[in-house]
Amino acid sequence: MTRKQLPEAMAILRRDVPTWDVPVVRLNAQDDHDPYRVLISTILSLRTQDQTTILASERLFKLADTPQVMLQLDVQTIENAIYPVGFYRTKAPQILEMSRRILEEFGGRVPDDIDTLLTLHGVGRKTANLVLSEGYGVPAICVDTHVHRISNRWGYVKTKDPYETEMALRKKLPKAFWIEYNPSLVALGQYVCKPASPICSQCPVADFCKRVGVQRSR
DNA sequence: AAAACGGGGGC
DNA sequence: GCCCCAGTTTT
């Protein structure tokens, strides 16, 4: 989601507030649903900004966007391609290792159940749930830092632990929302409901929000 | 110049 | 629970 798409997302968000208990954005420009590319770009995205992730993903996928081709690359090539994301020294070997397992153990197909996904080194709950929801269209609640922070600010959950947030949202949210919940809140979280000094005056769900823990806002 | 920012694994 | 991983962006 880019800055340009935000106004449209906000319009949809606003429109849906009265209809849904929790606001939902439908991202019309659906980028990429290939499970392997979702998996790899999510690995790249860990602890890094979105713009950087997009850049690095494009550079890497020009070289390889299937496990077969990825395994032809050596580690330094991958490290060079993904360099700006940081943690490239851990991420590059992980990408090779999970590509090898996907090819050898799963016939070249990214696993589509959470327990198997979690056995991949470098894949935690955030990554696994994103692969399920974005890659396979399987209802899964992906709690990244935006979902965690905003859900708490809304007063929708009350916990420091992202896993608790996931479990709480699983009970509170209708399953039909699960897939869209994450991209909606990511869009909101990047430009409006920011970690520090959120722009509450521009937020389409300011009425809905309890502003738990929000100190300085505009 | 310094702090903030984004998940996961090892121990 | 605490520490490590490494860059970009904001203050």
Side-chain angles (χ1 to χ4, degrees), chain A residues 1-4 6 31-32 35-60 75-102 110-111 113-135 140-153 157 159-170 181-200 202 213-218:
Chain A
M1 162 136 300
T2 65
R3 191 176 291 273
K4 278 185 176 177
L6 186 63
D31 336 287
D32 192 353
Y36 183 72
R37 287 194 295 269
V38 171
L39 171 64
I40 300 304
S41 59
T42 305
I43 295 299
L44 298 185
S45 79
L46 301 181
R47 297 284 282 190
T48 108
Q49 318 283 107
D50 266 29
Q51 295 308 323
T52 311
T53 303
I54 292 168
L55 262 286
S57 298
E58 285 172 354
R59 283 171 54 171
L60 181 59
V75 196
Q76 293 100 311
T77 305
I78 299 178
E79 285 181 1
N80 288 342
I82 71 175
Y83 171 77
V85 302
F87 301 110
Y88 51 88
R89 225 162 57 259
T90 50
K91 288 174 181 176
Q94 282 176 351
I95 288 169
L96 276 177
E97 164 67 7
M98 67 181 67
S99 298
R100 189 191 59 77
R101 288 196 58 207
I102 288 166
V110 176
D113 69 283
I114 188 157
D115 291 326
T116 311
L117 281 168
L118 289 174
T119 69
L120 296 174
H121 205 259
V123 174
R125 297 201 67 85
K126 186 259 184 179
T127 307
N129 281 319
L130 197 64
V131 168
L132 290 178
S133 59
E134 295 290 306
I141 292 181
C142 173
V143 178
D144 65 1
T145 185
H146 294 295
V147 170
H148 186 62
R149 178 182 69 254
I150 297 174
S151 297
N152 273 283
R153 280 182 179 169
V157 301
T159 172
K160 279 273 151 198
D161 179 8
Y163 182 71
E164 271 186 46
T165 296
E166 185 187 333
M167 292 306 140
L169 291 177
R170 183 183 292 273
Y181 196 73
N182 171 275
S184 304
L185 268 56
V186 170
L188 188 63
Q190 282 184 334
Y191 305 119
V192 179
C193 196
K194 298 184 287 187
S197 54
I199 314 172
C200 296
Q202 289 179 27
V214 174
Q215 299 142 342
R216 322 188 312 280
S217 71
R218 296 185 293 149

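Chain naming here is simple, since letters A, B, ... match the order of the sequence lines and numbering starts at 1 in each.
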Q.
I want to check something: taking the side chain as every heavy atom from C-beta on, are A/Pro93 and A/Val75 in contact at a cut-off of under 4.5 Å?
A. yes

Q: Can you sort out the partners of A/Glu58 under salt bridge (Lys or Arg N to Asp or Glu O under 4.0 Å), two or more places apart, ordered by chain and number?
A: none

**Q.** Sub-4.5 Å side-chain heavy-atom contact between A/Thr42 and A/Lys126
**A.** yes

Q: Using whole Å, report how far CD of A/Gln215 lies from C1' of C/dT11.
A: 16 Å

Q: Whole angstrom is fine here: how far is it from NZ in A/Lys91 over to C1' in C/dT8?
A: 12 Å

Q) A/Gln49 has an atom CD; how far is it from atom P of B/dC5, in whole Å? A) 10 Å

Q) How about A/Thr53 and A/Thr48: does a side-chain donor come under 3.5 Å of a side-chain acceptor? A) yes

Q. So do the side chains of A/Phe87 and A/Leu46 get within less than 4.5 Å of each other, counting heavy atoms only?
A. no

Q: Using atom CG of A/Asn182 as one end and atom P of B/dG7 as the other, report the distance to the nearest whole Å.
A: 9 Å

**Q.** Side chain to side chain, A/Arg37 and A/Ser57, heavy atoms closer than 4.5 Å
**A.** no

Below 3.5 Å is the cut-off: list the nitrogen or oxygen pairs between protein and nucleotides 8-10 of chain B, distance only.
unit_1: B/dG8; atom_1: OP1; unit_2: A/Gly124; atom_2: N; d: 3.1
unit_1: B/dG8; atom_1: OP1; unit_2: A/Thr127; atom_2: N; d: 3.0
unit_1: B/dG8; atom_1: OP1; unit_2: A/Thr127; atom_2: OG1; d: 2.6
unit_1: B/dG8; atom_1: OP2; unit_2: A/Lys126; atom_2: N; d: 3.4
unit_1: B/dG9; atom_1: OP1; unit_2: A/Gly122; atom_2: N; d: 2.8
unit_1: B/dG9; atom_1: OP1; unit_2: A/Val123; atom_2: N; d: 3.2
unit_1: B/dG9; atom_1: OP1; unit_2: A/Val123; atom_2: O; d: 3.3
unit_1: B/dG9; atom_1: O3'; unit_2: A/His121; atom_2: NE2; d: 3.2
unit_1: B/dG10; atom_1: OP1; unit_2: A/His121; atom_2: NE2; d: 2.6

Q) Which comes earlier along DNA chain C counting from the 5' end, the contact point of A/Phe87 or that of A/Thr52, where each point is its nearest nucleotide? A) A/Phe87

**Q.** Within-4.5 Å side-chain heavy-atom neighbours: A/Arg125 and A/Leu118
**A.** yes

Q. Quick one: A/Arg59 CZ to C/dT8 P, roughly how many Å, whole number?
A. 10 Å

Q: State, yes or no, whether a side-chain contact exists between A/Ile199 and A/Lys194 at a heavy-atom distance under 4.5 Å.
A: yes

Q) Checking all strands, does A/Thr48 fall into the base, sugar-phosphate, or nothing category for heavy-atom contacts under 4.0 angstrom? A) base

Q. For C/dC5, does OP1 or OP2 lie under 4.0 Å from any side-chain N or O of A/Tyr88?
A. no

Q) When the distance from CD1 of A/Ile82 to C1' of B/dG7 is rounded to whole Å, what number comes out? A) 14 Å

Q) Within this structure, what is the CE-to-P distance between A/Met98 and B/dG7, rounded to whole angstrom? A) 15 Å

Q: Identify all stems in which DNA chain B takes part, counting only runs of at least 3 consecutive pairs (Watson-Crick or G-U wobble, each distance under 3.5 Å), and give each as one range with another, ordered by first number.
A: B:1-5 with C:7-11, B:7-11 with C:1-5

Q: Take A/Asn129 and A/Glu166 through the side-chain hydrogen bond (donor to acceptor under 3.5 Å, both in side chains) test and state the conclusion after the steps.
A: CA-CA 10 Å; A/Asn129 281 319; A/Glu166 185 187 333; 3.2 Å; yes

Q) Can you tell me how far P of C/dT10 sits from CD1 of A/Ile199, to the nearest Å? A) 11 Å

